[in-house]
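Remarks on the structure that follows.
Naming convention: chains lettered A, B, ... in sequence-line order (proteins, then strands); numbering from 1 in each chain.
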Number of protein chains: 4
Amino acid sequence: MLSTSRTREAKLHRHDQILAAAFEEFSAKGYAEARLEDVAQRAGIAKGTIYLYFKNKELLFRAVLRGLIRHAFEELEIFVQTFSGTAEELVRQVLARQYTNVVKNSKARLMLRLLIAESHKFPQLADVYLREVVGPGVAAMRTLIERGIASSEFRESKIAAFPQVLVGPAVLAVVWTLIVGERQPLDLDRYMEAHLELVLHGLRGESQRAPCSTEIFLSAREKQ
Amino acid sequence: MLSTSRTREAKLHRHDQILAAAFEEFSAKGYAEARLEDVAQRAGIAKGTIYLYFKNKELLFRAVLRGLIRHAFEELEIFVQTFSGTAEELVRQVLARQYTNVVKNSKARLMLRLLIAESHKFPQLADVYLREVVGPGVAAMRTLIERGIASSEFRESKIAAFPQVLVGPAVLAVVWTLIVGERQPLDLDRYMEAHLELVLHGLRGESQRAPCSTEIFLSAREKQ
Amino acid sequence: MLSTSRTREAKLHRHDQILAAAFEEFSAKGYAEARLEDVAQRAGIAKGTIYLYFKNKELLFRAVLRGLIRHAFEELEIFVQTFSGTAEELVRQVLARQYTNVVKNSKARLMLRLLIAESHKFPQLADVYLREVVGPGVAAMRTLIERGIASSEFRESKIAAFPQVLVGPAVLAVVWTLIVGERQPLDLDRYMEAHLELVLHGLRGESQRAPCSTEIFLSAREKQ
Amino acid sequence: MLSTSRTREAKLHRHDQILAAAFEEFSAKGYAEARLEDVAQRAGIAKGTIYLYFKNKELLFRAVLRGLIRHAFEELEIFVQTFSGTAEELVRQVLARQYTNVVKNSKARLMLRLLIAESHKFPQLADVYLREVVGPGVAAMRTLIERGIASSEFRESKIAAFPQVLVGPAVLAVVWTLIVGERQPLDLDRYMEAHLELVLHGLRGESQRAPCSTEIFLSAREKQ
DNA sequence: CATGAATGAGATTTCATTCAT
DNA sequence: CATGAATGAAATCTCATTCAT
């Protein structure tokens, strides 16, 4: 019994050990150029051992990404729904979490690079990502906007139909970091403040800003 | 004479023919998995012919991306500087161009995917991209914001320090399209309107929206 | 334990098996025209296996020649120094060994062909050859001559400054065999006698000869 | 007429131009690694032009070597037969010519390297070499020895059966230069003197030397 | 005659995958 | 379970040779 349990533990350990090593290798070299021998070396095991846990390179790769994707935003929705402050404060907190968890997190950035680079070759990944991350994420952002509208902090706008625009600047920050980050680093804290200012001003209801006669005129022009 | 000219034409044609075929292949398979034999086949030529025009696979790849990157935004700055309408109108037009030229343009999207996927392996590409696209693009966006502030259409804000946040949602649209676009397409026209609304509201000066006593106080605090 | 030892043995075997096959192939075709696939076939293994033991073609080639060169003449010097007969007898024995080991040894001849053909492209080989073969060989020949002079069997002469002239005819025999040996074979035993006669007469001191009645008798006996 | 003749001249010129360029290339790289494009470049012509003069690479190579081999020693026989000095003087002159024309002549050395390296793959070359060089060369050396014996300058010996032994040291000098010449150059003038001393002493008749009583004793030891 | 662009066979090298131990 | 030697398909790149101009 004990030995079996130990074995299972060891196996689980091995399994994750391999996944971790594989993530390092894949994110350093990309899917095609990653060498399973190097994965094995990073994991401190022999090449053949990988095949005891994963049928082949593709399934290892998909397991790596699935492991990273899963549960990414499952708490976000709950967080939004149970938050008890103002909508504005909620936006601040939600975006701050995004920066901490994703934009400033190099592992998350590398995962996103792999996803962008390879998802069209591994359609299952896009499915998982859509279901686990994009769907919940958009839903949470939509809830957030609706709460703000309900509390009259935010105005009604077309933004509610595409809540993801609010996260756009964070995505740009990730892509920026991936492409030119080494040559032209972003000051992410100050960047996030600019992002927040744009989003909060962009969402805020007219009533929050004081009515003025020209306002009507302007917003009319704006619509046209 | 005619034969010379024909030859030169043919040569130029071949060169570009290969670049076009290579772009197709690289953006379909990524750098590592692209096969030069398939590039040749797409171009309707023999394998060896590629090597008459490009020393090796890497240089072909870099030539492909350089060709796509170069001059991408060189006119944007001029467009912004010579535009004679309101700043708001300018923002609308600039973003509309981004959507037409980049977000809705599948070639541009694929180029961006290659850049994200491979730029860390080909640092020269990041250099070119920074110099030719990112730099001019950010500069143009900064000019745009400053014009709006000068004309009092936009308020002063931290956004001016990071003009790229304005384009963030467009980048998200590109990444979205690349990863889950096939399963969950974005209605880009309506998405763009949401983007515009966020940006215009986010930039617009307080004075444009009606003064109110708390507003001034708050925006003062916010700026500090 | 047994399996380890078997494995190590097998590995050593493989290594040498490849070297042997490679020598066959290289000496049949020369460096450039030798095909690693054919080396593998001669060794009865797969193409890729070679790369488990040798990084690339060049290093395999150099390993082949280094293996043949090493220790070629290391015992010669000792043999010369510890020989207790006359200098003339020593010359006879040394040259006889050369013929047995080199001139009549087709493996040695082929090695020499490779060395002549390729050494200018692989300078390290020339270094090894100089250090392992040429240096010790010349030193041994020099010792040999000096012994003869010391014992007054040989006269002092310019030959001592270039002891390698004594071996020249053997080198000619090798080259002859390599180029026209198939069409015009040399009778190496009788050729060696001619060589010996030239060398012994060439070295012998004037005082050692002297026309005397027995001379005719002796030289007649000598011929037989 | 004139144009035809000019053309033919041009063609002959081209022909030799190509041969010269090809020799440079072949002797620098060996047969297999020589590139016809580089031959063309050395000759200042286009790659295709070579094929107007030579059917293919192999025939070009053979033509190069045939051109170098032909007539190499055809005058030697005549020189020996018509020489009117002593046999010893003749030996000196013949060997001096060998050093000047062959050993010290880098073109000749390179040709010999090609011959050694490639002749087994191009049997026709060995034929030509045997007929044009080796045959006449050996014949001339034999004549030379016979003249010396006839004039009692040289004694009868087994050397006459293998006259090529006399040239051996020169062959060694060539091989030495080809393999280790760059690292350990030979002083060819002094080397040749050693060679001459060996050969002249080796050939010289007993009567030419000096009587000594110990001869009997020594030659007895010699046999043991 | 001369050119040089184009071809495609062929060589080296890599690496995912298998399997005997 | 774990190993790592062995395999061989596949990819890059070269270059002798052809041929339209």
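- For B/Glu25 (side chain) and B/Arg35 (main-chain N/O), a donor-acceptor pair under 3.5 Å exists by modelled atom type.
- Under a 3.5 Å cut-off, the side chain of A/Lys57 and the backbone N or O of A/Tyr31 do form a donor-acceptor pair.
- In terms of position along DNA chain F, the nucleotide closest to C/Gly44 lies nearer the 5' end than the nucleotide closest to the other residue of the pair C/Gly44 and B/Asn56.
- The side chain of D/Arg35 lies closest to F/dA16, out of E/dT12, F/dA16, E/dG4.
- D/Ile18 has its CD1 atom 11 Å from the C1' atom of E/dA2, to the nearest Å.
- Among the nucleotides F/dT3, E/dT17, F/dT7, the one closest to any side-chain atom of A/Ile45 is F/dT3.
- Between the CD atom of C/Glu33 and the C1' atom of E/dG10 there is a distance of 13 Å, given to the nearest Å.
- Within the nucleic acid shown, B/Leu52 comes within 4.0 Å of at least one base atom, counting heavy atoms only.
- For the pair D/Phe54 CZ and E/dA2 P, the computed distance is 12 Å after rounding to whole Å.
- When distances are taken from the side chain of A/Leu36 to each of E/dT3, E/dT13, E/dA16, the shortest belongs to E/dA16.
- Looking at C/Glu37, its side chain never comes within 3.5 Å of a backbone N or O of C/Lys47 through a donor-acceptor pair.
- D/Gln124 CD: more than 12 foreign heavy atoms inside a 6.0 Å radius.
- Using a 4.0 Å heavy-atom criterion, one finds that A/Ala34 contacts the sugar-phosphate atoms exclusively.
- With F/dG8, E/dA6, E/dT17 as the choices, the nucleotide that has an atom nearest any side-chain atom of C/Ala46 turns out to be F/dG8.
- In plain terms, the two heavy atoms of A/Val39 and A/Ile18 that are nearest each other are CG1-O, 4.2 Å.
- Residues passing the salt bridge (charged side-chain N to carboxylate O under 4.0 Å, His left out) test with B/Arg109, sequence neighbours excluded: none.
- We find that CD of B/Glu58 is positioned 13 Å from C1' of F/dT12, with the value rounded to whole Å.
- Side chain of B/Arg113 to main chain of B/Ser27: a donor-acceptor pair is present (N/O by atom type, distance under 3.5 Å, no hydrogens or angles).
- Checking the phosphate oxygens (OP1, OP2) of F/dT3, no side-chain nitrogen or oxygen of A/Tyr51 falls inside 4.0 Å.
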Watson-Crick and G-U pairing of DNA chain E, under 3.5 Å, as dot-bracket with | and [ ] | .||||||||||||||||||||
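- For the pair C/Ile50 CD1 and E/dC15 P, the computed distance is 17 Å after rounding to whole Å.
- Toward the 5' end of DNA chain F, the nearer of the two residues D/Gly48 and B/Glu37, judged by each one's closest nucleotide, is B/Glu37.
- One interatomic measurement links the two molecules: CZ of B/Arg14 to C1' of E/dG4, which rounds to 13 Å at whole-angstrom precision.
- Across all strands shown, D/Lys47 has heavy atoms under 4.0 Å from base atoms, whether or not it also approaches the sugar-phosphate.
- Rounded to whole Å, atom P of F/dG8 lies 16 Å from atom CG of C/Asp38.
- Judged by distance alone, the side chain of C/Lys107 and the main-chain N or O of C/Leu68 form no donor-acceptor pair under 3.5 Å.
- The nucleotide whose nearest atom lies closest to any side-chain atom of A/Thr49 is, among F/dA6, F/dA2, F/dG4, F/dA2.
- One atom, CD of B/Glu25, and another, P of F/dT12, lie 9 Å apart when rounded to the nearest Å.
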